[in-house]
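The structure displayed is predicted, hence computed values, not measured ones. Proteins get letters first, then strands, A, B, ... in listed order; numbering begins at 1 in each.
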Amino acid sequence: MIRGIKGVKDITPDQIPKWTITERTAHALSHAFGFHEIRIPVFEKTELYVRSLGDATDLVEKEMYTFSDRDGTSLTLRPEGTAGVVRAFIERGLKAQPSSRKLYYIGPMFRHERPQAGRFRQFHQFGVESVGNAHPDADIEVITLLWRYFSALHLPGLVLEINSLGESSDRQEYIRTFVSFLKGKEPRLCGNCQRRIHTNPLRILDCKVPLCRETVKGAPSITEFLSQPCQQHFDHVLRGLRLLGIPYTINPCLVRGLDYYALTTFEVSCSVLGAQNAIGAGGRYDGLFQTLGGPPTPAVGFAIGLERVILALPESALPQPDPWVFIASFGEKGREAGLSLLDSLRAEHVKADTDYHASTLKTLLRSADRLGATYVVILGDDEVAGNRITLRNMVTKEQVTYPLSTASAAIVNQLR
RNA sequence: GUGGGUGUAGCUCAGUUGGUUAGAGCGCCGGAUUGUGGAUCCGGAGGUCGCGGGUUCAAUUCCCGUCACUCACCCCA
């Protein structure tokens, strides 16, 4: 037997209701907030991700699905969505279209990691990118959409953490101070962090190794290094969140794993998820456009892991399935009449189905019950002879009869 | 990449101190006389006991290896 790939899951029909509601809610709320869908390729030139994510990040160093095209070009399955959206934005001149500055996407991402609860090699993200607006109101809008999305799905145990990384000049000064603070303390850091001092010092801040947490305790906070405009930007965002009643916690150690972030960063975690509890995260990335050869363009966005949303999704978030009709037709004449009734209901886009295997009323009804039919049309030779059908409500067991000739219209009416 | 746990029916799991035809519940299929589902009762199908090797008269059981799944670390959504 050929098996599927490790960490790559099938989404079977029984799970589809959960996916449908999470995706529908993403589309509906994005539209409500004035965002427009964009569909970008699932693979790009490797260089795009290396340049935008940073070559010292774990994602680029060891988690990308990279392969050679026939001409030798290195290609990579997208590990996240922002880089591709920014590339498309620059390449397609979307700046010229006012309706294309607030974008969202839903689709699969690929990372070569060891799978565990809430982590897969192919997973799905819903993300938004608000491009071209440096005003903190844009940050507020994006965070609000993130929070309202989770609220709409009734996800339990959520915490929003927020931080400001400052502009790159602030950050560089902070990093210098932080690194000199760490000088001499190297033995009191984990091996990973000793390496990070040179590659990515900020990540030491949110290292979970107890030794590192202890060592970093007395370190200066990045908040003290924010320039006046950065501080105002951050304060404006926080004020907006309070105004909208969105609860947050400031976490000065919150550092994103990707290089392109600056200023506002945020992360929502969910307590019911287990070890991989980050369910959505994002921030501002004003420098990325230039990194990718575009004009200076401010932008802010987030990405949500849909598998994690679905893990946390309560049953109560699932909508009632649409009512539908099972056609229980039997006998030679009955089957014939059933066939055409089935077809006319379907032509009206009413869900109608039957079981060709069952041939007696008893087995037909049992089949209808197991399939969860709301109504059953009983249509045997007797009904055909009397030019009528019986419509049975499977919950109340009430039965009413309609003339066969107008049955389709009557049923359509009943279901709507 | 590192560590732990688990591999027996479609699913959830028993089990054998090594011994004949390996079990249960759920699910599935069928039946309980005439054209009315869910409950109950009865019956049925379905298993190379993950794979390979070793020890043994005999291995699903003990040993070794391997693969898969899973949880956790790292990191991330």
Side-chain angles (χ1 to χ4, degrees), chain A residues 1 3-7 9 12 14 22 53 56-64 78-82 106-127 146 150 190-193 195-196 200 203 206-210 212 255-258 266-270 273-283 301-312 326 328-331 334 355 357-383 385 390-399:
Chain A
M1 183 179 79
R3 305 180 55 104
I5 298 165
K6 183 200 287 285
K9 302 294 183 187
T12 47
D14 55 304
T22 53
L53 302 172
T57 54
D58 281 27
L59 224 174
V60 167
E61 278 183 347
K62 52 185 197 193
E63 293 172 8
M64 295 204 303
R78 62 183 186 192
E80 56 99 55
T82 302
I106 298 176
M109 306 294 166
F110 307 85
R111 294 183 192 176
H112 191 103
E113 302 184 271
R114 266 302 256 286
Q116 71 186 75
R119 169 191 287 163
F120 311 95
R121 290 190 172 176
Q122 173 173 334
F123 62 104
H124 297 76
Q125 285 189 334
F126 155 45
L146 175 72
F150 293 140
C190 69
N192 231 325
C193 283
R195 198 176 56 93
R196 285 182 179 134
N200 200 345
R203 295 218 53 79
D206 67 352
C207 183
K208 290 170 190 88
V209 176
C212 299
V255 179
R256 308 271 62 242
L258 313 177
F266 49 88
E267 177 173 314
V268 175
S269 56
C270 176
L273 279 186
Q276 308 307 317
N277 65 353
I279 196 169
F302 67 67
I304 292 171
L306 295 186
E307 278 79 2
R308 293 182 186 177
V309 170
I310 280 162
L311 279 174
F326 181 98
S329 59
F330 51 101
D355 179 352
H357 188 67
S359 55
T360 66
L361 183 54
K362 187 187 195 62
T363 52
L364 283 162
L365 276 168
R366 182 165 58 208
S367 186
D369 182 51
R370 290 179 182 181
L371 291 169
T374 3
Y375 291 94
V376 170
V377 166
I378 296 172
L379 183 48
D381 289 347
D382 291 0
E383 279 75 12
T390 298
L391 185 67
R392 176 179 177 85
N393 180 320
M394 289 298 274
V395 178
T396 65
K397 301 183 181 183
E398 280 175 320
Q399 298 193 166

Under 4.0 angstrom, heavy atoms only, what part of the nucleic acid is [X] near: base, sugar-phosphate, or nothing?
X      : answer
A:E307 : nothing
A:A117 : sugar-phosphate
A:M109 : nothing
A:F302 : nothing
A:F126 : nothing
A:I378 : base
A:E267 : nothing
A:E383 : base

Nucleotide of [options] approaching [X] most closely (side-chain heavy atoms):
X      : options                : result
A:K62  : B:rG38, B:rC74, B:rC69 : B:rC74
A:D369 : B:rC71, B:rG35, B:rG37 : B:rG37
A:R119 : B:rA72, B:rG37, B:rC74 : B:rC74
A:A278 : B:rA77, B:rG30, B:rA72 : B:rA77
A:R370 : B:rC29, B:rA77, B:rC73 : B:rC29
A:Q276 : B:rG31, B:rC74, B:rG35 : B:rC74
A:D58  : B:rC74, B:rG37, B:rG3  : B:rC74

Using the [atom1] atom on both, measure [N] against [M] and round to a whole Å.
N      : M      : atom1 : value
B:rU66 : B:rC29 : C1'   : 38 Å
B:rU70 : B:rU56 : C1'   : 34 Å
B:rC63 : B:rG44 : P     : 38 Å
B:rG15 : B:rG23 : P     : 15 Å
B:rG47 : B:rU21 : C1'   : 14 Å
B:rG50 : B:rA9  : C1'   : 14 Å
B:rG18 : B:rG25 : C1'   : 28 Å
B:rG7  : B:rC13 : P     : 9 Å

Phosphate-side-chain proximity, A:K362 and B:rG37, N/O vs OP1/OP2 below 4.0 Å: yes
Below 4.0 Å: OP1/OP2 of B:rA72 and any side-chain N or O of A:Q116: yes
Secondary-structure stems for RNA chain B, with pairs counted as Watson-Crick or G-U when both distances are under 3.5 Å and runs at least 3 long: B:1-7 with B:67-73, B:10-13 with B:23-26, B:28-32 with B:40-44, B:50-54 with B:62-66
